[in-house]
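Report on the following structure.
Basis for what follows: all heavy atoms, side chains included, without hydrogens, waters or symmetry-related copies. Labels below follow one simple rule: chain letters A, B, ... track the order of the sequence lines, proteins then strands, and each chain is numbered from 1.
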There are 2 protein chains.
Amino acid sequence: MQDVFSKLGPLIVGSRLKRMSDYIMRAGAEFYNSNGVDFEPKWFPLYYLLSHEKELGIMDIAQKLNISHPAVIQLAKELEKKGWITSTKSKEDARKRLLKLSKKGINLLPQLQLIWDDIREVNRQVVESQSTNVLKALEEMEAFFASKSYNERLKEYQESKK
Amino acid sequence: MQDVFSKLGPLIVGSRLKRMSDYIMRAGAEFYNSNGVDFEPKWFPLYYLLSHEKELGIMDIAQKLNISHPAVIQLAKELEKKGWITSTKSKEDARKRLLKLSKKGINLLPQLQLIWDDIREVNRQVVESQSTNVLKALEEMEAFFASKSYNERLKEYQESKK
DNA sequence: ATTAGTTACGTAATTGATTACGCAAATTTA
DNA sequence: TAAATTTGCGTAATCAATTACGTAACTAAT
C-alpha cells in the first residue's frame with residue numbers, strides 16, 4: 001500500500017481534489033513552457049477575463065474570479081510587468097483602477113488561443129473518457145453546498161445525533 | 001454573470017477542482033474550531049496515518065501522503081509542539097527519524113474520531129446526492145493520467161494536428 | 001578500507017495566496 | 001452639509017507548501 005489517500009474515501013475529498021488540481025496546473029505550466037510561450041497557468045483566468053471584457057476594476061475581477069483582491073493586484077502587477085495589460089484611473093470613480101489588455105497583450109492572444117485549444121481538447125478527452133464526468137460532479141457539488149453550506153450540514157448532522 | 005469559471009468548461013478543470021478543495025478545507029477548519037478542538041485539516045493525513053501505523057520515517061510518510069518531505073517535517077514540527085507526536089532516531093539506520101503518536105496524541109483520538117465521523121457522513125451525503133460521483137470521477141481521472149500523462153496527451157494531440 | 005554513489009533529513013529561499021489593516025473616495029443619513 | 005458608513009484599493013504580515021541545496025549516514029564496488 002503506497003497511497004493512503006485513496007483508501008480514505010469520503011473523509012478527504014478535499015485533499016484529493018487539491019491533488020488533482022495541482023497535477024493539472026503543473027502539467028499546464030510545462031506545456032506553455034515547451035511551446036516556448038512565457039505564460040503561466042495562474043495568469044489564465046485574469047488574462048482570459050480581460051480578453052472578453054474591455055475594462056474592469058480590481059474588486060470586480062476579484063469577485064468574478066472568486067479570489068481575494070490582493071491576489072488580483074499581485075497578478076496584475078506581473079502581467080503589467082510583462083507589458084500585457086495596462087491600468088488607468090476610472091473617471092467616474094477616482095478610487096477605481098481599471099485594468100485592460102494592452103496592444104501587446106492583445107497581440108499575444110492568437111498564440112495563446114492555440115495552446116488553450118490543445119488544453120481544452122485534452123480536457124475534453126478526459127471528460128469524455130469518464131463514465132462519471134468530473135465537471136458535472138463539481139457542478140453538482142457546488143449546487144449542493146450552495147443550497148446549504150458544508151458547515152450547516154455538519155451542524156445539522158451533529159444535532160440529529162443528540 | 002458573476003462567475004466566469006463555470007462558463008469556461010473543460011479549459012479550467014484544474015482551477016475548479018482547487019476551488020472546491022479550498023472550500024471544503026476551510027469548512028473543515030471551522031468545524032474543528034466550533035467543536036472546540038484545536039486541530040487543523042492539514043494535520044489530518046499525517047495524524048491519521050500515524051494512528052494506523054506505529055512508526056514511520058519522514059520519507060516513508062512523504063511518499064505515502066504524496067507530499068514533499070519538507071512538508072512532512074513542517075507538519076511534524078507542529079504536531080510535536082502540540083505534544084501529539086514524538087520522534088526517535090532509528091536504531092537500524094541512524095539517518096532515520098521515526099515519528100509516532102505520543103500518549104497525549106493517542107488520547108486525543110476518540111475526540112477526533114467523532115468529528116471525523118461527522119465529516120465522513122456529510123461527505124457521504126454529498127456523494128450520494130450526486131448523479132455523478134466525485135470520488136469516482138477523480139479515480140477515473142487519476143487512472144486516465146496514470147496510463148498516459150497529461151503532457152503526453154497534449155503533445156500527441158498537437159502532433160496529430162500537423 | 002577508500003571511493004563513489006545513494007538515501008534520509010534539515011534548512012533556506014521562493015511561490016501563491018490569504019487575512020488584517022489603513023487610507024481615501026464615494027455614499028448615506030441625520 | 002456635516003458626520004458616519006461603505007467601498008475600492010494598496011501594503012504588510014502571514015501561511016502552506018514547494019524547489020533547491022547541503023550534510024551526514026548508509027551501501028556497493030574495487
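- For R95(B) against dA8(C), no side-chain N or O and base N or O form a donor-acceptor pair under 3.5 Å.
- With the nearest nucleotide of DNA chain C identified for both L75(A) and E92(A), L75(A) has the one nearer the 5' end.
- The nearest whole Å value for the distance from the CG atom in L65(B) to the C1' atom in dA17(D) is 14 Å.
- What separates CD of Q74(B) from C1' of dT19(D) is a distance of 15 Å, to the nearest Å.
- Of the candidates dT18(D), dA25(C), dC9(C), the closest approach to any side-chain atom of I58(B) belongs to dC9(C).
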When you look at W116(B) and F44(B), which way does the side-chain contact (heavy atoms from CB on, under 4.5 Å) test go after all the steps?
CA-CA 9 Å; W116(B) 294 344; F44(B) 170 76; 3.4 Å; yes

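- Within the 4.0 Å cut-off from OP1 or OP2 of dT18(D), at least one side-chain nitrogen or oxygen of S68(B) is found.
- Between the CG atom of D93(B) and the P atom of dT6(C) there is a distance of 17 Å, rounded to whole Å.
- Summary of the strand contacts: M59(B) and E78(A) both lie near DNA chain C, and taking for each the nucleotide with the nearest heavy atom, the more 5' one is attributed to M59(B).
- With dA26(C), dT19(D), dG8(D) as the choices, the nucleotide that has an atom nearest any side-chain atom of K96(A) turns out to be dG8(D).
- Residue H69(A) places no side-chain atom within donor-acceptor reach of the base of dG8(D), judged by atom type and a 3.5 Å distance cut-off alone.
- Counting to the nearest Å, the C1' atom of dA17(C) and the NZ atom of K42(B) are 14 Å from each other.
- One interatomic measurement links the two molecules: CD1 of I73(A) to C1' of dT7(D), which rounds to 14 Å at whole-angstrom precision.
- Rounded to whole angstrom, the span from the CG atom of N66(A) across to the C1' atom of dA17(C) amounts to 13 Å.
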Audit row: L112(A), Y32(A), side-chain contact (heavy atoms from CB on, under 4.5 Å) steps and yes/no:
CA-CA 9 Å; L112(A) 288 176; Y32(A) 284 116; 4.1 Å; yes

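- Comparing dG10(D), dT11(D), dA25(C) by their closest approach to the side chain of P70(A) singles out dT11(D).
- Under the 3.5 Å distance criterion, with hydrogens and angles disregarded, no donor-acceptor pair is assigned to the side chains of S129(A) and E140(B).
- Side-chain N or O atoms of Q130(B) include one that pairs as donor or acceptor with a backbone N or O of A137(A) at under 3.5 Å.
- Here the side chain of I67(A) is nearest to one of dT18(C), dT11(C), dC9(C), namely dT18(C).
- When each of A94(B) and K77(A) is assigned the nucleotide of DNA chain D bearing its nearest heavy atom, the one mapping closer to the 5' terminus is K77(A).
- Donor-acceptor pairing under 3.5 Å is recorded for the side chains of K136(B) and S131(A).
- The side chain of A71(B) lies closest to dA17(D), out of dA17(D), dG10(D), dA17(C).
- What separates CZ of R97(B) from P of dC26(D) is a distance of 16 Å, to the nearest Å.
- Remark: P of dA8(C) and NZ of K64(B) are 13 Å apart, rounded to the nearest angstrom.
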